[in-house]
Amino acid sequence: MRVVNLFIALMVMLVLVGCNSTRDIMNSYEQNLVVGRYAAASEMSLKRAEKKDSSQLMWRLLAGNAEMLNNQPSQAIEQLDLAEDIFQANDAQSVFSRGMTNTKAMLNNDLSFDYNGLGQDRIFCCFYKGLEYTLMGNPAAARTEFNRAADHQENWLFDRRRDISAAAERLEKEAENIPADRRVEGQDTAKQTMDILTDESFREQIKSKCGYDPALSGNLDMISRSGYMNAYMSHFVGVFRWLNGDGGRGYLKDARDLCTTNLVVKEDLAAVESSIRPQNAVWIYVEDGLCAKREEWRLDLPTFLIPYANRYVLYAGMALPYLVSRDFGADGYYVGAERMPLEEIPELQDVDKLLKTEYDVYMSGALPREITRTLLKIGSQVALGIAIDNSHDDGTLVTLKLIQAGIAAWAASSTKADVRCWSSLPKVVKMHRIQRPADGKLVVVATNHGVQEELHLDIPEGNSIVWIRKTSRGATMVAKMVTFP
């Protein structure tokens with residue numbers, strides 16, 4: 001038994017080494033981002049994207065974001081276009097439905113499948129392309145991308161339901177193909193999964209670590225529009241259309257309904273409904289901090305709920321992702337001018353809130369899926385353990401023990417959480433509108449524990465949009481601007 005345990009431990013170590021390569025690169029990307037080394041962040045993500053593996057989409061999104069910050073709009077759009085190509089290829093069929101010939105893919109872990117992003121990934125991908133086209137002075141291309149972002153936002157619920165259904169169907173089919181001699185007679189994995197999900201101590205453990213309640217969280221029928229509708233995208237597109245003489249009321253109304261605390265949002269809607277044309281107005285959007293990211297958590301399944309488990313099981317671990325909140329880029333942001341008092345820039349969208357909704361929906365499928373996987377792996381070990389107890393032939397006994405050890409080692413090596421995510425999105429987005437001063441000189445101030453960082457802007461005549469990004473307290477503000485004559 002000691003040899004078996006050492007074998008399993010070795011397999012787990014080998015797997016963790018493989019996992020760390022991706023994690024290490026993601027961590028290095030983040031370290032470059034928070035100190036303002038955007039070219040380096042882009043270079044490492046581009047290098048991984050060119051491998052064109054199952055995580056290519058994530059690397060393209062990360063590269064596109066880094067190129068935006070590196071003030072390389074054409075390269076940013078190129079990478080986001082390549083990401084959109086992958087999204088579109090996945091539209092025809094869910095990633096969980098493809099590659100049915102790849103046996104045991106669903107029984108391994110979610111990393112066996114291509115990274116398909118989340119709803120906000122798709123929305124931000126098109127929105128960022130539209131934003132870059134806007135700042136480059138190409139309103140026609142921007143309008144196309146904004147329309148796509150809005151479509152993806154409207155299709156959010158449909159897309160989530162499709163992936164959850166496809167994943168459940170795939171798991172059921174693969175479970176049916178497990179050989180009879182690797183199953184426990186009468187094992188009802190569906191009932192066992194439900195027993196575990198409803199076990200109070202297990203639920204509390206999940207809630208404590210993941211902030212996810214298996215009984216309440218992630219129910220698509222109970223999610224409000226504010227849980228997945230992006231007020232930032234809606235307001236920006238509304239202002240863009242308004243300033244281009246192309247309506248915008250519907251988008252501004254969505255923004256007003258989604259964000260009830262920012263007075264500018266209400267004022268903008270009232271103005272467009274009154275057919276008022278803004279004059280020398282400046283909208284300032286600030287993307288602050290880095291969004292919550294995913295990390296892996298390993299835990300043991302409560303085997304006391306499973307007959308024979310404690311007696312025969314060599315490995316009963318499972319792995320889940322959990323969200324890690326990251327810091328703001330600044331304590332607050334203010335805008336003003338000479339002989340004008342500073343005005344605070346209020347919040348428009350809590351991006352972490354949107355990503356928490358996405359996480360909860362993902363977990364509503366991933367948690368029962370991971371429990372079922374673990375039960376099936378346990379079942380195979382139990383079935384072989386029973387066969388070992390009933391074997392009286394030394395040769396057969398050794399063979400069965402080796403097979404059982406191999407299955408336990410496979411169970412350990414395939415236990416991984418999918419922690420891939422677009423980790424460079426902002427934590428929150430703030431927005432304010434101010435009248436252009438006569439001399440066109442504005443200052444944006446970011447405060448950090450009493451220390452001020454100032455960004456001085458020269459605003460031309462006309463209506464303008466200023467986009468600012470501050471990834472961390474240690475990174476300086478990146479600013480871009482476009483003026484509508």
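Below, each value reflects all heavy atoms present in this structure, side chains not excepted, and no hydrogens, waters or symmetry copies.
Under the 6.0 Å cut-off for aromatic ring centres, Y251 and F240 do not qualify, their centroids lying 6.0 Å or more apart. Y322 has its ring centre no less than 6.0 Å from the ring centre of Y359. Y228 and W156 have their aromatic ring centers within a separation under 6.0 angstrom.
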Derivation and outcome, side-chain contact (heavy atoms from CB on, under 4.5 Å), residues Y285 and I468: CA-CA 6 Å; Y285 295 87; I468 296 171; over 6 Å; no

Test side-chain hydrogen bond (donor to acceptor under 3.5 Å, both in side chains) on N108 and W410; report intermediate values, then the result. CA-CA 9 Å; N108 283 332; W410 166 70; 2.9 Å; yes

Could you walk me through whether H152 and E154 pass the side-chain hydrogen bond (donor to acceptor under 3.5 Å, both in side chains) test, one step at a time? CA-CA 5 Å; H152 298 319; E154 289 298 326; over 6 Å; no

For the pair N463 and W283, evaluate side-chain hydrogen bond (donor to acceptor under 3.5 Å, both in side chains) and give the outcome as yes or no after the intermediate values. CA-CA 8 Å; N463 297 305; W283 282 264; over 6 Å; no

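For the pair E132 and I77, the minimum side-chain heavy-atom distance is below 4.5 Å.
Residues E67 and Y38 bring no donor and acceptor atom of their side chains to less than 3.5 Å of each other. No side-chain N or O of S234 forms a donor-acceptor pair with one of D254 less than 3.5 Å apart. For the residue pair Y29/D24, the side-chain donor-acceptor check at 3.5 Å is not satisfied. Between the side chains of E50 and W59, no donor N or O sits under 3.5 Å from an acceptor N or O. There is a side-chain donor-acceptor pair under 3.5 Å between N32 and R37. Counted by atom type alone, T447 and Q452 present zero donor-acceptor pairs between their side chains at under 3.5 Å.
Side-chain atoms of D350 come within 3.5 Å of backbone atoms of D352 as a donor-acceptor pair (strictly under, hydrogens ignored). A distance-only check finds a donor-acceptor pair linking the side chain of S45 to the backbone of S42 [under 3.5 Å]. The backbone N or O of A330 sits less than 3.5 Å from a side-chain atom of D288, completing a donor-acceptor pair.
To the nearest 0.5 angstrom, Y333 atom OH is 6.0 Å from K470 atom NZ.
A cation-pi arrangement is absent between R241 and F236 under the rule of less than 6.0 angstrom and at most 45 degrees off the ring axis.
Ring pair Y128/F124 is tilted by interplanar angle, where 30° to 60° counts as tilted.
A side chain to side chain donor-acceptor pair (under 3.5 Å) with R122 is found for exactly one of N155, N90, D91, namely D91.
Atom CD of E43 has 12 or fewer heavy atoms from other residues, nucleotides or ligands within 6.0 Å.
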